[in-house]
Amino acid sequence: MSKEEPLILGIETSCDETGVGIVRGQTLLADAIASSVEEHARFGGVVPEVASRAHLEAMVPTIRRACETAGIKPADVDAVAVTSGPGLAGALLVGVAAAKGLALSLDKPLYGVNHLAAHVAVDTLEHGDLPKGCVAMLVSGGHSSLLAVEDITEGVTPMGSTIDDAAGEAFDKVARVLGLPFPGGPYVDKAAQDGGDRAYVRFPRGLTSQRDLERHRFDFSFSGLKTAVARWVEAKRRDGEDVPVNHVAAAFQEAVCDVLTRKAIDACKDRGFEHLLIGGGVAANSRLRQMAEERCSAAGIAVRVPRPGLCTDNGAMVAALGSELVRAGKAPSPLGLPADSSMPITEVLNK
């Protein structure tokens with residue numbers, strides 16, 4: 001780690017996690033997170049107003065904690081990076097306002113970055129420079145996307161996305177049907193690992209028929225899968241039978257991971273890329289990681305997945321993308337940059 005490398009503080013508030021990360025070059029110095037997930041759990045999902053208020057309360061303490069962990073003072077940073085979109089409008093506003101105030105008070109440049117591109121850039125903190133060409137598969141509660149990435153600082157090319165429910169959203173809804181807590185992803189994964197039979201029932205694989213592939217080759221659909229699981233469970237309960245939660249969780253998870261990995265490998269072959277990068281909260285799923293490794297190995301494709309703690313929303317990923325932009329000599333965002341809840345993935349930096 002060189003002192004010549006830029007020292008970047010990153011702020012993430014796109015959903016229910018207040019994240020502040022500090023990065024020097026590609027070295028992670030601090031990753032402080034304050035989550036409001038418990039406040040949302042009783043509602044079975046994220047409540048935007050609750051998330052915004054939680055960010056307001058957590059922002060200053062989280063910045064202080066990150067600086068203490070990194071052993072720096074705010075004045076030491078070379079630039080401030082912040083998620084300016086996409087995400088919940090109110091939550092984004094809190095982070096962007098905090099970043100503007102910090103950048104202005106320290107007289108430092110401000111970089112408003114794309115949340116999804118940050119999920120790609122965070123891998124540099126674990127595996128170094130990104131390959132010159134790779135497919136990034138981002139799977140989370142709000143997104144299921146396939147992106148072609150040649151240079152993360154120049155932009156990314158969307159190849160496909162979800163046409164209805166995102167993978168993480170489907171995990172949450174199926175968890176609710178099975179009586180598992182929110183957020184559903186980790187609990188479905190755990191139930192599946194606890195003796196679940198992946199072949200107990202074969203649930204549908206959305207957008208994988210020949211006709212669907214002609215129109216939606218790289219797109220995803222998990223709404224039909226979610227509905228199929230709900231109807232199967234309802235039928236069992238209506239007949240007075242016990243629902244084998246572990247088996248249903250495993251079979252559902254298998255269907256999701258099958259579709260994700262199949263399409264991701266197809267995207268790599270289509271582009272001629274030999275690297276697949278997986279990011280987003282669902283990238284922490286154990287079966288997805290296992291299946292991706294097995295199938296990519298057979299296809300001659302190298303897989304890059306950050307450790308689980310870096311897959312979920314965090315400030316480190318925002319700082320990592322900010323660092324890549326600074327190192328590439330990109331001009332900062334204007335101080336008047338907006339929070340853009342529908343910021344397109346093609347726009348890595350809010351200019």
Stepwise, does the salt bridge (charged side-chain N to carboxylate O under 4.0 Å, His left out) test hold for E150 with K132?
CA-CA 5 Å; E150 296 193 27; K132 289 302 179 186; over 6 Å; no

Do T18 and H55 pair up side chain to side chain, a donor and an acceptor below 3.5 Å, judged on atom types alone?
yes

Who are the salt bridge (charged side-chain N to carboxylate O under 4.0 Å, His left out) partners of D189, not counting sequence neighbours?
none

Is the CZ atom of R237 crowded by more than 12 outside heavy atoms at less than 6.0 Å?
yes

Considering only Ile, Leu, Val, Met, Phe, Trp and Tyr, and joining two whenever side-chain heavy atoms are under 4.5 Å apart, list the other residues clustered with L207.
I163

Check ion pair R295-D258 (N to O, under 4.0 angstrom):
yes

Spatial distance of atom NZ (K73) from atom CD (E68) [nearest 0.5 Å]:
12.5 Å

Do the side chain of D172 and the main chain of P183 share a donor and acceptor less than 3.5 angstrom apart?
no

Only pairs at least two apart or in different chains count here, so list each salt bridge (charged side-chain N to carboxylate O under 4.0 Å, His left out) that has a residue in residues 6-22.
none

At what distance, to the nearest 0.5 angstrom, does CD1 of I11 lie from CG of L92?
12.5 Å

Kindly say whether the aromatic ring centers of F252 and F171 come within a distance under 6.0 Å.
yes

Counterpart residues, salt bridge (charged side-chain N to carboxylate O under 4.0 Å, His left out), relative to R271 (two or more places apart)
none

Pairs where residues 103-159 contributes a residue and the test ring-ring contact (aromatic ring centres under 6.0 Å, His included) is met, not counting sequence neighbours:
H115-H119

Treating S161 as the side-chain partner and S144 as the backbone partner, does any N or O pair qualify as donor plus acceptor under 3.5 Å?
no

Would you confirm whether S105, through its side chain, and L102, through its main-chain N or O, come within 3.5 Å as a donor-acceptor pair?
yes

Applying ring-ring contact (aromatic ring centres under 6.0 Å, His included), which residue pairs with at least one partner in residues 314-345 are found, sequence neighbours left out?
none

Taking only distance into account, with no hydrogens and no angle test, what donor-acceptor pairs under 3.5 Å do side-chain atoms of residues 315-335 form with protein atoms, sequence neighbours excluded?
residue, atom, partner, partner atom, Å
S323, OG, G25, O, 2.6
E324, OE2, Q26, NE2, 3.2
E324, OE2, R327, NH1, 3.1
R327, NE, E5, OE1, 3.2
K330, NZ, E154, OE2, 2.5
S333, OG, G112, N, 2.9
S333, OG, N350, O, 2.5

Working to the nearest 0.5 angstrom, can you tell me the gap between D129 CG and D123 CG?
11.0 Å

Please collect all salt bridge (charged side-chain N to carboxylate O under 4.0 Å, His left out) contacts where either partner lies in residues 214-223, sequence neighbours excluded, each pair once.
R217-D266, R217-D270

Output all residues satisfying side-chain contact (heavy atoms from CB on, under 4.5 Å) with A97, sequence neighbours left out; order by chain, then residue number.
none

Side chain to side chain contact (heavy atoms under 4.5 Å, CB included) evaluation trace for F222 with L225
CA-CA 5 Å; F222 296 109; L225 168 60; 4.2 Å; yes

D242, CG atom: more than 12 neighbouring heavy atoms under 6.0 Å
no

Less than 3.5 Å apart, which donor and acceptor atoms pair up between the side chains of residues 57-65 and the rest of the protein, not counting sequence neighbours?
residue, atom, partner, partner atom, Å
T62, OG1, A58, O, 2.6
R65, NH2, I33, O, 3.2

Could you measure the distance from the CG atom of N314 to the OG1 atom of T312? Nearest 0.5 Å is fine.
6.0 Å

Quick one: which residue pairs count as a salt bridge (charged side-chain N to carboxylate O under 4.0 Å, His left out) with a foot in residues 79-94, not counting sequence neighbours?
none

Side chain to side chain contact (heavy atoms under 4.5 Å, CB included) evaluation trace for L7 with D76
CA-CA 8 Å; L7 183 66; D76 296 333; 4.0 Å; yes

Pairing of K173 and D165 as salt bridge, 4.0 angstrom limit:
yes

Please test L29 against T69 for side chain to side chain contact (heavy atoms under 4.5 Å, CB included), starting from the C-alpha separation and ending with a verdict.
CA-CA 7 Å; L29 303 182; T69 301; over 6 Å; no

Tell me which pairs pass salt bridge (charged side-chain N to carboxylate O under 4.0 Å, His left out) where either residue lies in residues 272-292, with sequence neighbours left out.
E254-R287

